[in-house]
Amino acid sequence: QVQLVESGGGLVQAGGSLTLSCAASGSIFSINDMGWYRQAPGKQRELVAAITRGGSTNYADSVKGRFTISRDNAKNAVYLQMNSLKPEDTAVYYCNAALRQSPSTYYRDYWGQGTQVTVNS
């Protein structure tokens, strides 16, 4: 059993900041890439930022320079620091991890339950 639990969402004024956290727990052998996705009402889920186990990062163009993804491998955790938030950042944010539960299994994707981020203008 594996769980990804997010925290840190909420309501913020435009220009403000929020930090999202996600911790993976359960039967975990190793975690490869971790990332954050978001889904706004009526839109498809999109990648916001991703980070490899070694720390290489990738960002959506819309958040470059404003968001920073980081991870703590010892804690099986990933974070998203969001600055200069805009109303268009309003969405449900989902944590994602590619992990395997034993040396003999393949990596597969796991998702958190989502956390709401609302940015008021």
Side-chain angles (χ1 to χ4, degrees):
Q1 188 83 7
V2 173
Q3 278 192 314
L4 271 63
V5 179
E6 301 121 333
S7 61
L11 175 65
V12 65
Q13 294 295 316
S17 298
L18 282 174
T19 300
L20 304 183
S21 301
C22 172
S25 63
S27 178
I28 299 170
F29 176 73
S30 67
I31 301 178
N32 199 358
D33 294 354
M34 302 185 80
W36 290 94
Y37 289 71
R38 67 186 180 187
Q39 187 166 19
K43 294 188 177 181
Q44 288 188 330
R45 189 174 297 189
E46 63 175 359
L47 174 68
V48 177
I51 185 167
T52 67
R53 183 170 181 83
S56 296
T57 58
N58 179 41
Y59 295 94
D61 287 343
S62 59
V63 306
K64 282 180 181 176
R66 301 188 297 122
F67 291 10
T68 302
I69 189 170
S70 61
R71 66 188 282 175
D72 185 332
N73 291 331
K75 295 182 179 179
N76 291 335
V78 63
Y79 310 96
L80 187 67
Q81 174 66 44
M82 305 184 292
N83 298 326
S84 303
L85 282 160
K86 304 175 181 180
E88 51 263 43
D89 294 318
T90 295
V92 177
Y93 284 70
Y94 296 91
C95 172
N96 170 267
L99 65 87
R100 55 178 175 168
Q101 293 187 269
S102 76
S104 60
T105 59
Y106 293 103
Y107 284 97
R108 54 157 288 195
D109 280 331
Y110 289 83
W111 295 89
Q113 80 285 356
T115 185
Q116 177 70 46
V117 171
T118 302
V119 184
N120 282 344
S121 57

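Computed from heavy atoms alone, side chains included, the values below leave out hydrogens, waters and symmetry copies.
A donor-acceptor pair under 3.5 Å is absent between the side-chain atoms of Gln81 and the main chain of Thr19, judged by distance alone.
Gln1 and Gln101 get closest at one heavy-atom pair: N-NE2, 3.6 Å. Residues Ala14 and Ser121 share a closest heavy-atom pair of CB-CA, 4.2 Å. Closest approach of Tyr107 to Ala98, counting heavy atoms only: CD2-O, 3.6 Å. Of all heavy-atom pairs between Arg38 and Ser62, the closest is NH2-OG, 3.3 Å.
In this structure, Ser56 has no side chain to side chain donor-acceptor pair (under 3.5 Å) partners at least two apart in sequence or on a different chain. Shown here are the side chain to side chain donor-acceptor pair (under 3.5 Å) partners of Gln3, two or more places apart in sequence or in another chain: there are none. Applying the side-chain contact (heavy atoms from CB on, under 4.5 Å) test to Gln39 and every residue at least two apart in sequence or in another chain returns Arg45, Tyr94.
For the atom pair OG of Ser30 and CZ of Arg53, the computed distance is 6.5 Å after rounding to the nearest 0.5 Å. Here the SG atom belonging to Cys22 is positioned 8.0 Å from the CD atom belonging to Gln113, to the nearest 0.5 angstrom.
The stretch residues 97-116 participates, sequence neighbours left out, in no salt bridge (charged side-chain N to carboxylate O under 4.0 Å, His left out) pair at all. Sorted by first then second residue, the salt bridge (charged side-chain N to carboxylate O under 4.0 Å, His left out) pairs that include residues 59-74, not counting sequence neighbours, are Asp61-Lys64, Arg66-Asp89.
Both Trp111 and Leu47 are members of a single hydrophobic cluster when ILVMFWY side chains are connected at heavy-atom separations under 4.5 Å.
With a 4.5 Å cut-off between side-chain heavy atoms of Ile, Leu, Val, Met, Phe, Trp and Tyr, the cluster of Ile51 takes in Val2, Leu4, Val12, Leu18, Leu20, Ile28, Ile31, Met34, Trp36, Val48, Tyr59, Val63, Phe67, Ile69, Val78, Leu80, Met82, Leu85, Tyr93, Leu99, Tyr110, Val117, Val119.
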